[in-house]
Amino acid sequence: MLSMSLKSLSIAVAALGFTGLTQPQAASRAAPVPGTVSPAAAAVTLDVAPGTRSVTLIKAPDGLFYVNARVNDAPVRFVVDTGANVTVLTHADAKAAGLSTAGRGRAGATLRTAGGRRAMHWTSIRDLTIGGKSIPTADAVVMAGDGPPHSLLGQSALARFESVTIRGNALELKI
């Protein structure tokens, strides 16, 4: 009985850490290893050396994984969101990438997010490049001004990688 309670507590604590409700302690953060991108490199476009088959991201202090990409040749910083069905662009990122902010599809469309329903419209990214991998014609949505503070890299793009693996404080995108 006691072991079951401790196991339940461990799972609950792990879930809180995974959702970012608790800040990781400095000692628990993974040290960057060669070929990885740390949060400090967030302003730099990610380039992978020729022959490299994966990109490794280190969890940021806020508990999230960030990756720099190019959307139609414009730099965009994404939060990797494995729970999002679709890639989500902020209004500002969509505009910088030359995407229509007027949208296509039915008027008044909304997207259900962790923060509730938000106005959105569908768009198509001509070219999304991450770590040397080019993803042509990726579906995405553009959020209205009240959307998330960062663009989200969701399953509509992540599913185009060979694999996405999270181990501890590292996320690997296999190209």
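Note that these values count all heavy atoms, side chains included, but never hydrogens, waters or copies made by symmetry.
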* **Reported NE2-to-CE distance for the pair His91 and Met120, which is rounded to 0.5 angstrom** => 14.5 Å
* Structure fact -> So the side-chain hydrogen bond (donor to acceptor under 3.5 Å, both in side chains) pairs with at least one residue in residues 149-159 (sequence neighbours excluded) are Thr87-Ser156, Asp93-Ser151
* Asked: Are a donor atom and an acceptor atom from the side chains of Glu172 and Thr56 found within less than 3.5 Å of each other?
  -> no
* Asked: If we only count heavy atoms from C-beta on, is the Thr82 to Phe65 side-chain gap below 4.5 Å?
  -> no
* Gap between atom CG of Leu64 and atom CG of Leu57 - 0.5 Å precision -> 12.0 Å
* Asked: Tell me, do Val80 and Leu171 make a side-chain contact under 4.5 Å, heavy atoms counted?
  -> yes
* Structure fact -> From the list Leu153, Thr137, Asn72, Val76, side chain to side chain contact (heavy atoms under 4.5 Å, CB included) partner of Leu128 resolves to Leu153
* Asked: What are the two closest non-hydrogen atoms of Ala74 and Ala97, and how far apart are they?
  -> CB-CA, 3.7 Å
* Asked: So, Asp127 side chain and Pro136 main chain: donor-acceptor pair closer than 3.5 Å or not?
  -> no
* Got a second to check how far Arg70's CZ is from Thr129's OG1, nearest 0.5 Å? -> 8.5 Å
* **Test item: Arg77 side-chain N/O and Asn68 main-chain N/O as donor-acceptor pair under 3.5 Å** => no
* Verify, without hydrogens or angle tests, whether Asp81 (side chain) and Gly154 (backbone) share a donor-acceptor contact under 3.5 angstrom. => no
* Answer yes or no: is there a side-chain heavy-atom contact under 4.5 Å between Met143 and His121? => no
* **Ser54 side, atom OG; Ile175 side, atom CD1 - distance, nearest 0.5 Å** => 7.0 Å
* Structure fact -> The reported gap from CG in Leu152 to CZ in Phe78 (rounded to nearest 0.5 angstrom) is 8.5 Å
* Check against side-chain contact (heavy atoms from CB on, under 4.5 Å), Phe161 and Lys133 -> CA-CA 8 Å; Phe161 284 86; Lys133 179 173 181 66; 3.6 Å; yes
* Could you grab the distance from atom CG of Asp139 to atom CG of Asn85, nearest 0.5 Å is fine? => 12.0 Å
